[in-house]
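Worksheet for the structure shown next.
So you know, we letter chains A, B, ... as the sequences are listed, proteins then strands, and number each from 1.
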Amino acid sequence: MTRAAEQVFDTSRDFAPALIGWYDRHHRSLPWRVNPDERQQGVVPDPYRVWLSEIMLQQTTVAAVKAYFEKFVRLWPDVVALARAESDDVMKAWAGLGYYSRARNLKKCAEIVAFEHGGRFPDTEAGLKALPGIGDYTAAAIAAIAFDRPAVVVDGNIERVVTRFLVCETPLPQAKPEIRAFLSTVLPKDRPGDFAQAMMDLGATVCTPKSPACILCPLSDGCRARSEGTQTRFPLKAPKAQKPERVGAAFVAVRGDGAVLLRKRIESGLLGGMSEVPGTAWTARQDGQTEVEAAPFAADWKRCGEIRHVFTHFALTLTVYRADLAAHPAPEDHWWSPRDQIAGEALPSVMKKVVEKAIPGATKARGKATS
DNA sequence: CACTCGTGGTA
DNA sequence: TTACCAAGAGT
């Protein structure tokens with residue numbers, strides 16, 4: 001074999017070592033992570049922290065997760081503590097992070113692990129995937145990261161890295177089997193957890209969606225998209241449908257002492273189990289005026305303005321009304337939230353916008369932290 | 001498979 | 001401002 005041939009990037013031989021070598025030098029240090037040097041010194045990851053972080057990171061940025069992760073481990077240091085927590089307190093702590101079914105399943109999962117598995121997480125992919133909120137990706141990620149099992153981990157970052165490396169012309173999600181097949185051929189048996197985290201770090205910091213830093217990539221010598229200059233064409237995806245518009249009205253009742261009237265949404269569906277101010281249903285845009293008769297009770301409702309919020313599959317414009325009352329009994333299934341507790345309520349971001357529109361500053365924490 | 005399900009940051 | 005997107009899961 002010639003010298004030149006020896007320098008060619010041999011994917012089956014070089015992929016994992018090149019990636020792991022890069023990871024040892026350029027890994028991110030994150031609150032839930034055991035760094036490679038620590039792991040080499042025998043530090044073992046806490047499956048609870050790995051699990052909690054993976055649930056929070058589903059479709060959510062690292063930057064957004066950090067503060068929530070710290071808050072959760074402070075309030076509930078282990079899975080038994082979380083299992084014993086009040087569901088309402090968990091929803092309050094999750095408020096603002098989005099995808100609230102994750103919080104409901106988080107609690108269910110904690111209870112199963114704490115009360116049915118003796119407080120220990122299953123250490124296999126199949127065992128993990130049987131738990132609520134844990135799907136293909138998360139089961140593989142926990143198995144690999146927490147238990148160092150040779151699981152094939154595929155997330156959005158890894159899909160991007162692999163489809164570029166292979167010049168995969170199959171659009172997602174159909175390309176998934178090809179991606180898994182490729183990864184199974186390069187997965188190292190000795191450090192599967194670090195391999196998975198390395199792939200994700202590479203996707204997050206080097207092989208980024210818009211302007212990948214190929215000059216810094218340890219895999220660039222073997223990357224087909226790099227050689228063709230077509231990196232940003234991948235991964236191929238089906239075009240998205242445009243979002244419909246919906247409208248509605250929200251009513252902020254303010255008592256003399258500053259308390260605000262709230263109610264709880266049903267457990268299932270959009271913003272399930274979260275709190276809100278009373279309001280109309282959110283319907284497709286109609287020319288008719290908003291009906292003030294949808295208010296929780298008759299009062300001098302004054303229009304404050306509108307707020308706009310964009311969900312995953314529709315955009316919403318809410319007309320915000322406010323009424324000031326000396327005192328008024330809370331209607332059935334409603335309650336008056338005291339002024340100093342509003343910031344700690346399980347209000348999703350859209351509802352914080354509504355309350356802020358009616359009462360500027362009301363959702364900002366003041367004085368001592370609550371709960 | 002297709003659709004539901006949040007939010008905030010970025011170009 | 002619009003559009004995309006970030007460690008996906010459940011139905």
Open item on the list: With a 3.5 Å distance limit and no angle check, can you tell me whether A/Arg33 reaches the backbone of A/Arg28 through a side-chain donor-acceptor pair?
Closed with: yes
TODO: Could you tell me whether A/His313 and A/Phe311 have their ring centroids closer than 6.0 angstrom?
DONE: no
Task: Sole residue of A/Tyr68, A/Phe72, A/Phe69, A/Trp76 in ring-ring contact (aromatic ring centres under 6.0 Å, His included) with A/Trp94 - done: A/Phe72
- [ ] Look at all strands and tell whether A/Trp32 reaches a base, only sugar-phosphate, or nothing, counting heavy atoms closer than 4.0 Å.
- [x] base
Between N or O atoms, less than 3.5 Å apart, protein on one side and nucleotides 8-11 of chain B on the other: list the pairs.
unit_1	atom_1	unit_2	atom_2	d
B/dG8	OP1	A/Ser349	OG	3.1

Open item on the list: How many whole angstroms separate atom OH of A/Tyr100 from atom C1' of B/dC5?
Closed with: 11 Å
TODO: May I ask you to say what A/Leu316 touches in the nucleic acid, namely base, sugar-phosphate or nothing, with a heavy-atom cut-off under 4.0 Å?
DONE: nothing
Task: Rounded P spacing from B/dC5 to C/dA6 in Å - done: 22 Å
- [ ] Find which nucleotide of DNA chain B each of A/Gln174 and A/Gly269 is nearest to by heavy atoms, and output the residue with the more 5' nucleotide.
- [x] A/Gln174
Open item on the list: Tell me the interatomic distance from A/Phe314, atom CZ, to B/dG6, atom P, rounded to whole angstroms.
Closed with: 9 Å
Task: Rounded interatomic separation in angstrom, taking CZ from A/Arg180 and P from C/dG8 - done: 14 Å
TODO: Describe the nucleic acid contact of A/Gly272 in one word from base, sugar-phosphate, nothing, applying a heavy-atom distance below 4.0 Å.
DONE: nothing
Open item on the list: Measure NZ/A/Lys352 against C1'/B/dT7 and give the value in whole Å, please.
Closed with: 12 Å
Open item on the list: Mind checking if A/Arg160 touches a base, just sugar-phosphate, or nothing, with heavy atoms under 4.0 Å?
Closed with: sugar-phosphate
TODO: Side-chain contact test, heavy atoms from C-beta onward, threshold under 4.5 Å: evaluate it for A/Leu202 versus A/His26 and give yes or no.
DONE: no
TODO: Indicate yes or no: at least one non-hydrogen side-chain atom of A/Pro296 is less than 4.5 angstrom from one of A/Trp301.
DONE: yes
Open item on the list: For a quick test of reading the model, state the closest non-hydrogen atom pair linking A/Pro173 to A/Pro177 and the distance between them.
Closed with: O-CD, 4.4 Å
Task: For atom CD1 of A/Ile142 and atom C1' of C/dG8, their distance in whole Å - done: 12 Å
TODO: Taking atom CZ of A/Arg120 as the centre, report whether more than 12 heavy atoms of other residues, nucleotides or ligands fall under 6.0 Å from it.
DONE: no
Task: Audit row: A/Glu356, A/Thr363, side chain to side chain donor-acceptor pair (under 3.5 Å) steps and yes/no - done: CA-CA 7 Å; A/Glu356 279 294 314; A/Thr363 68; 2.8 Å; yes
TODO: Select base, sugar-phosphate, or nothing to describe what A/Arg104 touches, counting heavy atoms under 4.0 Å on all strands.
DONE: nothing
Task: Close side-chain approach of A/Phe121 and A/Tyr48, heavy atoms under 4.5 Å - done: yes
TODO: Take atom P in C/dA3 and the same atom in B/dG6, then report the distance between them in whole Å.
DONE: 22 Å
Task: Value in whole Å for how far the C1' atom of B/dT4 lies from CZ of A/Arg246 - done: 10 Å
Considering only nitrogen or oxygen atoms on both sides, find all protein atoms under 3.5 Å from nucleotides 9-11 of chain C and state each distance.
unit_1	atom_1	unit_2	atom_2	d
C/dA9	OP1	A/Gly135	N	3.0
C/dA9	OP1	A/Thr138	N	2.9
C/dA9	OP1	A/Thr138	OG1	2.6
C/dA9	OP2	A/Tyr137	N	3.3
C/dG10	OP1	A/Gly133	N	2.4

TODO: Specify the separation, in whole Å, of atom NZ of A/Lys243 and atom P of B/dC3.
DONE: 15 Å
Open item on the list: Classify A/Leu271 by what it touches in the nucleic acid, base, sugar-phosphate, or nothing, heavy-atom distance under 4.0 Å.
Closed with: sugar-phosphate
- [ ] Run through A/Lys264, A/Lys353, A/Lys352, A/Arg263 and flag the one making a salt bridge (charged side-chain N to carboxylate O under 4.0 Å, His left out) with A/Glu276.
- [x] A/Arg263
Task: Value in whole Å for how far the C1' atom of B/dC3 lies from CD of A/Gln59 - done: 14 Å
Open item on the list: At less than 4.0 Å, is any side-chain N or O atom of A/His313 found next to OP1 or OP2 of B/dC5? Yes or no.
Closed with: yes
Task: Below 4.0 Å: OP1/OP2 of C/dC5 and any side-chain N or O of A/Lys240 - done: yes
